[in-house]
Amino acid sequence: MRPRTDRPLLRARGLARSLGGRTVLHDIDLDVHAGEHLAVVGASGSGKSTLLHTLSGLEAPSAGTLRWAGEDLGALGEAQRARHRLLEIGVVFQQFHLLRTLTLFDNVVMPGLLARARPRREVLARGRELMAALGVDALAERGVGEASGGQLQRVAIARALINRPRLVVADEPTGALDTAAGEGVIDALAEVAAGGTALLVVTHDPAIAARASRIITMSDGRITGLEEVPVPAATSRAPIA
Amino acid sequence: MLIRMARAALRSERSVLTVLGALLLLAALLACTGAALMARLSGAGEELLDRADAPDLVQMHAGELDEEEIDRFAEGRPEVSAHRVAPLLGIDGAELQLDGESQAGSVQEISLAVPDPERDLMLVAEDDSPLTEVEPGTVWLPVFHRTEQGIQVGSTLVITAPDGYRLELTVAGFVRDSTMNTPIAGSKRLAVAAQDLAAVAAHTGTFEHLISFWVEDPATDIAALRTAYQTQGLPSAGPLVDRSAFALFTVIAEGLVASVVLLAAALVLMVALLCLRLALRTALERDRRELAVMSVIGIAARDQRRVHLLVHGAVALAASTLGLLGALALEPLLSAGLTAYVGERGGPRMVLVPAAVAALLVGAVCASVELQLRRVQRTGPLAVLRGEGRTGTRPGRLRLHRSPLPVGISLGVMALLRRGGGTVLLTGVLAVSTVLVMLPSAVTSTLSSPQFSSYLGLGAEQLRLDIPHAGAADEERFAQAQRVLAEDPRVQAHSARVATHHLVTAADGTRLALPVISGDHVDAPGRHVEGRSPREPDEIALSLLAADEAGVGVGDRLAVEVAGQERALEVVGTYQDLTYGGLTAEGRLSTAGEQVLWYVLSATPAAGEHHDVLATELAAALPGVRVSDADDHREQLLGPLAERMRIAAGGAILAGLALAVLLSAMTSRLWLAAEAGPLAIRSALGASPASLRAPYLTRMLLSLAAGVLLGTALTLTAGQGLLNLMLEGMFGGIQRLFSGTSRVPLLIDPLTTALALPLALVAAVTITTLLVCRRIRTADVRTLTAE
């Protein structure tokens, strides 16, 4: 775990979210520091996923402020918010959400090509490097229908990392996988965290939560517990950054 | 349950179903109207000809004739059951006033005739009874004058003569003259009493004759009779027309309207079925998971299909019923002209035929829904729940990482190539839109162009003087006209041509009569389709129709009878000619001793002279000579057609644009509905709104570009063919269709037709697609959860 700096990477204050007249997030105060690994746990319907979507900018908060490295995200326009998500945040979904019309390699490099922040050659080289690091390089030219769930989730993690984001959010990343595949994904995410990227994982899986530096417990849309956990054992593989 | 589900579908699909309903209503209205028109038209011309006992072949002849010669010919032809020679007294339009209006400007050639009570009947417009007798002092006019000029019973017809003679006749009624019925037949017979005819003839007018033949057996080869008549040197100073042409003349105007209405109906129905397909696919893409769940819990696929069938069938039924009612109200308005010319026709078929078409339309919609649903339901419900079975969900050949284009555009190109069938369909309809927008406009500019006169054979001259040859007096008129033109200082140049009657031997050995126009030919640019005008006496140029009939082309030799001897003349050119039935030749033959048919003079006014003033003064100085300003001539002949085309072009442009807008809106909506998941994924990953919209705009614009290119090519090829087909039909009758005797190129105005109209189409489609894509804003995470 990296030492916390004074200024958090992401700061939420009084964050609330209403859906269809029902408030699903209440008054959330939370800081996410660079390089830290957080797990969000709680029963179904407790607001874990909504918290993750709101913090990552996938959903706009109904109230409260959200600051990224001190900058108010609420003040950004639609295109700027999209660019912020593209460059700073990597997203991993439970159902992978890869584009079926693209090969797995094109899925990985697409956010890099969209960003146009780095030369194309560099983006493609990083895509290959990430797929190799996650053990899915042999599947580069395959389609979504030609890989297993565990492989697809590792491809999704590679996609989340292509633009070297400072925060990766993962929503139940092992929820659609069997135990063996889930463990592989847990390892991969741990390597991401070890590489210095902040990681926010929503999970039911105690094994994933156990690897986090802080565990946030949610109930009825509120943070009801915050637990600091001891530094996890070092991974046997090289970190992914 | 079924009804409740259908109601829910009606509510959720309200806007799409409204558009679909409107399209189906329009399609039903057009199809039922077209069908009703066709039901009224079918056999209308023939029935009128039967009632009037119209002749099977008619030769108009200006000048004297020997009736015994005709009798001998008729007796020698066993197929001829009867024949008649009826005199007609042709009156110059300038000597006729109808209700105070001079007929000088009319292109109709008006003659006085005494009605025949036995054959070639004139039918009284009110009750279709034959007009057997005309009271002295009265006149019966063709219905043309009532429909086109608003003349009423009790109006007056005044005939004047250069010697001061004046006869006033009262209009006693109107008749349907089956052989000269509609405006497109250029001659009209006015029925008068025998004594009035004789009185007028003593002062003015030129006698012509209608030589009519009837055959007993309807299967008789009229063409053979026609050729026999032409090759036996019988009187032929005028057109030779057969029964099929009379029938065509009667129904061609309404027939064209009915064809256009049916064509439009087919087009709108095609678009409606396309939109139905898009709407269904949109609904199914959206509901596919729900449908799959319904299948899993045991609701049969047949019941699901019934919901859609019920909804779309109800919309189609309502639209067709309204369309049918509208058509029953609209059709009598459109066929008012036909009713005036052929009489009231009705019966149960006027309702049954359009009703059957409306029922077919409902059937077509239901069949289309059934077909679409069966195709979709081939994918099993569990496969649907797993997200399988969608079209275009495998990577294509293109790779995003290899494309030099921005991601949004690359995704658009990839989707375009992956979904080949949909792209071809979209491009096809956009091509149809392009043709709709461009073709009528191009036809209008072609018909309005001065160059078009030269294609028609009207020549490049500015003033034209026509003298039909009916006797020695006309030869003198021709000589006098040449003198007047030569001496008039306002005339800068003039030329003269004489048409003489010749027999030629076609390549297959058959003989045919051909008017050969000899004199000063002008090689105007574009006049000749191939080759040039003849320069030597042993050269000849043929109209396309004449070349076609004679079976020869440029470079061939054609045997032409000149001064009683057959001479082989070299064909040096072919040209477009729609005058004199389109069957003419240009030569440099000596006219001495030949049978003269007509004379033509061309005059170029000196600089600064007013053409119309000069034309009027020349006409006054040369009685019996028809003087026309070429522009005026073109305007009279083609002006009304060009005007109708201009209106049609305006409508077609609006229809084409509306079609493109509707199609692009429906297609874009389908794309967005079908790709809600991928869109949400790209949005969640951080694609900007512009980048999210780019694939759809790219797909649409590339399809549009292909559609515009294809549509332009179609306009220039098939469209040009269609124009020439129309001209062949208009000027040559049904027998000339597809003969290749009209080869007028489409004259496309580069600024409006080639640039402004396609740009308007591009703008309309782009704006529509952008407006639809405006709804793409941010990621809807719930879409992702549902995916």
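Below, chain A is the first sequence line, B the second, and so on; all start at residue 1. Side chains included, hydrogens not; waters and symmetry mates left out as well; all remaining heavy atoms used.
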Would you call B:Pro406 and A:Arg116 a side-chain contact if the rule is heavy atoms closer than 4.5 Å? yes

Distance-only, no hydrogens or angles: does the A:Arg120 side chain make a donor-acceptor pair with backbone N or O of B:His401 under 3.5 Å? yes

Cut-off 4.5 Å, heavy atoms of chain B, and the answer for A:Ile89 is neither

Smallest heavy-atom separation, B:Pro689 atom then A:Ala79 atom, equals CD-CA, 4.1 Å

Is it true that a side-chain atom of B:Arg399 and a backbone atom of A:Asp106 form a donor plus acceptor pair closer than 3.5 Å? no

Are side-chain heavy atoms of B:Leu685 and A:Leu114 found at a separation under 4.5 Å? no

A:Thr101 and B:Met414, any side-chain heavy atoms less than 4.5 Å apart: no

In terms of heavy-atom contacts, B:Leu411 and A:Met110 come closest through CD1-SD, 4.5 Å

Residue among A:Val91, A:Leu102, A:Asn163, A:Val109 with most heavy-atom pairs under 4.5 Å to chain B: A:Leu102

Non-hydrogen atoms of chain B under 4.5 Å away: do they reach the side chain of A:Leu124, the backbone, both or neither? side chain

Distance, nearest 0.5 Å, that separates CD of A:Gln80 from OG of B:Ser688: 12.0 Å

Check whether any side-chain heavy atom of A:Arg85 lies under 4.5 Å from a side-chain heavy atom of B:Ser683, and answer yes or no. yes

Evaluate whether atom CG of A:Asp72 has more than 12 neighbouring non-hydrogen atoms of other residues, nucleotides or ligands under 6.0 angstrom away. yes

Tightest non-hydrogen contact, residues A:Ala82 and B:Ala687, listed as CB-O, 3.7 Å

Restricting to non-hydrogen atoms, name the atom on A:Gly143 and the atom on B:Pro395 that form the minimum distance, rounded to 0.1 Å. CA-CG, 3.8 Å

Step by step, work out the side-chain contact (heavy atoms from CB on, under 4.5 Å) result for A:Leu99 and B:Ile681. CA-CA 8 Å; A:Leu99 295 176; B:Ile681 294 171; 4.0 Å; yes

